[in-house]
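Notes for the one structure printed next.
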Amino acid sequence: MGSTVLSLRIDGELLDRLKTHAAKRGMSVQDYVVRTLIRDDFDERFATSVEKTEAFYGAA
C-alpha cells in the first residue's frame, strides 16, 4: 500500500491542541492525526457492520 500527501490548512489554536495531544502520546502531529483518522474509520465501519448484522439476525 502506497502513501499519498494530504495538505491541510488549520488555525494555530487547533494545531497547538493537536501538538499537545500528540506529545502526551509521544507521537508526531502527523502520526497522531493519521491514527485518529484510522480509528474513526474503523469505528464507523464497525458500527455499520453491527447494524447490518442486527438487521440480518433481528435485534434482540
Side-chain angles (χ1 to χ4, degrees):
M1 177 162 95
S3 63
T4 303
V5 173
L6 171 66
S7 178
L8 304 176
R9 184 180 305 257
I10 59 175
D11 68 9
E13 184 179 322
L14 177 57
L15 180 58
D16 290 341
R17 289 186 4 230
L18 289 172
K19 285 179 182 179
T20 301
H21 289 295
K24 287 179 183 176
R25 291 160 181 79
M27 305 169 76
S28 69
V29 172
Q30 178 180 340
D31 289 342
Y32 177 78
V33 170
V34 169
R35 184 173 237 165
T36 301
L37 291 170
I38 289 169
R39 183 179 62 235
D40 286 349
D41 180 58
F42 172 80
D43 291 346
E44 191 174 308
R45 288 182 290 132
F46 181 75
T48 300
S49 296
V50 169
E51 290 169 3
K52 287 181 180 182
T53 300
E54 287 175 347
F56 182 78
Y57 289 107

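Sequence positions, counted from 1, serve as the residue numbers for this chain. Because only heavy atoms are used, hydrogens play no part in the values below, and waters and symmetry mates are left out as well, while side chains stay in.
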Please determine whether residues [X] and [Y] belong to a single hydrophobic cluster, defined as Ile, Leu, Val, Met, Phe, Trp and Tyr linked transitively by side-chain heavy-atom distances below 4.5 Å.
X     : Y     : result
Val29 : Met27 : yes
Phe42 : Val34 : no
Ile10 : Val33 : yes

Looking at side-chain heavy atoms only, is the closest gap between Arg45 and Asp41 below 4.5 Å? yes

So, Arg17 side chain and Glu13 main chain: donor-acceptor pair closer than 3.5 Å or not? no

Which pair of non-hydrogen atoms, one from Ala22 and one from Ser28, has the smallest distance, and what is that distance? CB-O, 3.7 Å

Going by an N to O cut-off under 4.0 Å, is there a salt bridge joining Arg35 and Asp31?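 A salt bridge is absent here (no side-chain N lies under 4.0 Å from a carboxylate O).
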
Nearest-0.5 Å distance that lies between atom CZ in Phe46 and atom CZ in Arg39: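 These two atoms lie 15.0 Å from each other.
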
Quick check for you: to the nearest 0.5 Å, what is the distance between Lys19 atom NZ and Leu14 atom CG?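 The NZ atom of Lys19 sits 11.0 Å away from the CG atom of Leu14.
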
